[in-house]
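Right, one structure below, let's go through it.
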Protein chains: 2
Amino acid sequence: MSSSSSRRRDVTVADVAREARVSKAQAARALGAYGAVSEEVRSRVLAAAAALEYRPNELARSMNTGRSNTLGVVVGDIENPFFSLAMRGISDTAKTEGFDVILINTGEDVAAEAEAVRVLLDKRVDGMIVAPASHLSVGHLRDAVDSGRPLVLLDRQIPDLGVDAVMAKMDDISFTAVTHLIDSGHTRIGYVSSLDVGSWSSGQGMGLGLNPVSERLAGMRRAFHTAGMSAPNDLIRLSAGKPQPIREIVEELLLCPDPATAIIASDSLIALEVLHTIQQLEMRIPDDVSFMMYDDMPWALLMTPPITVVAQPVYEIGAAAAKTLLAHILGRPVMPETLVFHSELLLRGSIGSPKKVTEGA
Amino acid sequence: MSSSSSRRRDVTVADVAREARVSKAQAARALGAYGAVSEEVRSRVLAAAAALEYRPNELARSMNTGRSNTLGVVVGDIENPFFSLAMRGISDTAKTEGFDVILINTGEDVAAEAEAVRVLLDKRVDGMIVAPASHLSVGHLRDAVDSGRPLVLLDRQIPDLGVDAVMAKMDDISFTAVTHLIDSGHTRIGYVSSLDVGSWSSGQGMGLGLNPVSERLAGMRRAFHTAGMSAPNDLIRLSAGKPQPIREIVEELLLCPDPATAIIASDSLIALEVLHTIQQLEMRIPDDVSFMMYDDMPWALLMTPPITVVAQPVYEIGAAAAKTLLAHILGRPVMPETLVFHSELLLRGSIGSPKKVTEGA
DNA sequence: TTGAAAGCGCTAACAA
DNA sequence: TTGTTAGCGCTTTCAA
């Protein structure tokens, strides 16, 4: 009645020790593979453990080693392919070192992010990877740093914090991409991003701009200046969160008196909404409007025409973030403060010349 | 030097108790909001905690409550939008009850899945959600059940296990979908799935077939039989894992002597590869080949022509799985053993009539 | 309502 | 190489 079905009460080291007729300490040493144990004892303990179907209680173990072998990951939206792919990079890398991952989704909400960081700290994760929603409220990140547990930022750097960040360099590629659009004859170029207004955009002049939004904007501005123009600020929309707002924004951009002739989407989720709106407006790419997006999703190649994209090595970015974090945790030599990956502009068919304006010039 | 920067050594209940001049027990009660505490003491303790920036050690708490407020989730591939969307459903639901989620990715590998379940058990999660890779090796799932901690299966049911499962009903919709293809004149219909051969397919005749693969095949067979034909077994390919195999399979299906005139993809990742291959073969949808896929990804609507899909309520399935699991954990009334959602066939432009065969009938 | 003291399951000094 | 004995930080009897 109690032989094979090991219900309820867990088997502990004490049980194993008794079964193997050794002290609890010896049993623990054998099971935990630490300290000195004679071959004799080791095999007896292991046999007893197997017979009893002993499983260690990792909570108890963590409690006195101070290590949980767990990483915390905080992202804005796991549904965003950028994050789910990065997550796989993180997860795969963590697994090779025997670490597991607790994932928390914030919906790009700063309060939720703060709560998430707090929870992870309380759960005693060994370190965490955060894609911060804002560089303005970073108290919780500072707490993380103060706790002494390593923190690595993903996709966005916050200079004052003094922590490592892993991300793709965005200003040069943005310059290249926008220059390509300008060379194709576009001057009315729209940019639609999901990050909250004020969370990152305020630091236009100040700061190092080590985040996707300001880097891309900087590259865009530089491209326009280089071409002897200034960027069309009225076409740069940084709020866009949920579907509805994006549609409205795109309609505005496309139907206003001096409309955008090209649109850049800051990520694939935004891109889907932009494309959907363009479709509903019955406009054609690239005849009526040119289009470009960040992140090389597989479907971009399958569209008619195929979409021109900026491809960043997302999986690798995630993997590198995990690798950096693990280096800190395991006391290995660590790479420079900000690890930068490079992106590529993949030219395809979604960019053409703007339509002749009805009158003027 | 040690005032605001709370470095290293954590503040414990003992510290708070001392600061508040009460016993450790009273401090713990006040902080944990349990037991009886006078208003007087409670406020003193809370004030002390705030002053000391006390943060509970959830590990220690879990260790003697036996509850970790953590759910484990084991999926085949978080990069698959099906799972990442379901994950959001799980994560959102868990959060409303104050639970966090540990995510483990198995790459649809049974051994990795077994290891994952073991790790989660050792970490003392309060319950877990698993999308099992196979119904043949389920020892680890049985261990989970034996451990007494609730388990809920996602997207696949394993009848003998006696645990709850949440999934979309697939046979009827498969029947409907294939019938639609047959009515359009197709008899050579290919089906490409990612699940390993033998993991699920073997139970053709036996078992309840409560898993996506066999349900879909059953519906497909029924559709053919109803139309007085038998299903084209040579066009049903169940192995397909990574990109390369899928391409080869699709080329085979499309270039063999008596080729498929329509292809069904079992999920969106497969669909992308199939579409890519069709594109490289310079074949046109639906003129050269008709196409249909499971899961209504946003991009399916944007393709030219828009893709006909079977849409299942993925987010809701994830949310329901979490809700069911939480019900078990919290001792609430639980729903029936297998919770079934319904899917819809969304007819769009990717299905046409097969090309006239060069000769014969 | 309070406090002292006994665990939770494990690791880690310290002796033997 | 062993065993004894303390803890880790918290909850939870049990008396007071």
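Throughout, a chain's letter reflects where its sequence line sits, starting with A, and its residues are numbered from 1.
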Legend entry - Exercise: identify the closest heavy-atom pair between Val163(B) and Leu151(B):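 That closest heavy-atom pairing would be CB-O, 3.8 Å.
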Legend entry - Taking every non-hydrogen atom, the tightest pair across Val110(A) and Ala133(A):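 Result for this residue pair: CG2-CB, 4.4 Å.
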Show every donor-acceptor pair shorter than 3.5 Å between a side-chain atom in residues 316-330 of chain B and any protein atom, with sequence neighbours excluded, or say none if there are none.
from: Thr324(B); atom 1: OG1; to: Ala320(B); atom 2: O; distance (Å): 2.8
from: His328(B); atom 1: ND1; to: Thr324(B); atom 2: O; distance (Å): 3.4

Legend entry - Positional range of nucleotides in DNA chain C within the contact set of chain A, heavy-atom, under 4.0 Å: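 Result: dG9(C) to dA13(C).
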Legend entry - Comparing Val22(B) and Ala14(A) on DNA chain C - which has the more 5′ nearest nucleotide: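 Its nearest nucleotide lies further toward 5', so the answer is Val22(B).
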Legend entry - Most 5' of Ala25(A) and Arg29(B) on DNA chain C, judged by nearest nucleotide: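 Going by which nucleotide is closer to the 5' end, it is Arg29(B).
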Legend entry - Inter- and intrachain pairs under salt bridge (Lys or Arg N to Asp or Glu O under 4.0 Å), touching residues 20-38 of chain A, at least two apart: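 Every pair satisfying salt bridge (Lys or Arg N to Asp or Glu O under 4.0 Å) with a residue in residues 20-38 of chain A: there are none.
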Inset, instruction - Apply salt bridge (charged side-chain N to carboxylate O under 4.0 Å, His left out) to Arg18(A) and Asp15(A), showing your working. - result: CA-CA 5 Å; Arg18(A) 196 174 316 117; Asp15(A) 300 320; 3.3 Å; yes
Legend entry - side-chain contact (heavy atoms from CB on, under 4.5 Å) partners for Glu58(A), two or more places apart: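 For Glu58(A), the residues satisfying side-chain contact (heavy atoms from CB on, under 4.5 Å) (neighbours in sequence not counted) are Pro56(A), Arg61(A), Asp122(B), Lys123(B).
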Legend entry - Contact boundaries on DNA chain D for chain B, cut-off under 4.0 Å to non-hydrogen atoms: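 First and last nucleotides in contact are dG9(D) to dT13(D).
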Legend entry - Separation of Met63(A) CE from Ser62(B) OG (nearest 0.5 Å):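 The CE atom of Met63(A) is 10.5 Å from OG of Ser62(B), to the nearest 0.5 Å.
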Inset, instruction - In sequence, state the C-alpha distance, the side-chain angles, and the governing distance for Glu108(B) and Arg156(B), and then conclude on salt bridge (charged side-chain N to carboxylate O under 4.0 Å, His left out). - result: CA-CA 13 Å; Glu108(B) 293 287 0; Arg156(B) 301 149 198 185; 3.5 Å; yes
Inset, instruction - Give the angle between the helix axes at the two ends of the helix from dT1(C)-dA16(D) to dA16(C)-dT1(D), taking five base pairs at each end and rounding to 10°. - result: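 Comparing the first five pairs with the last five, the axes sit 40° apart.
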Inset, instruction - With the side chain counted from C-beta on, respond yes when Ile104(A) and Glu115(A) share a heavy-atom pair under 4.5 Å apart, and no when they do not. - result: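 Result no, sub-4.5 Å side-chain heavy-atom pair not found.
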Inset, instruction - State, yes or no, whether a side-chain contact exists between Ser91(A) and Ile78(B) at a heavy-atom distance under 4.5 Å. - result: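 Ser91(A) vs Ile78(B): side chains apart.
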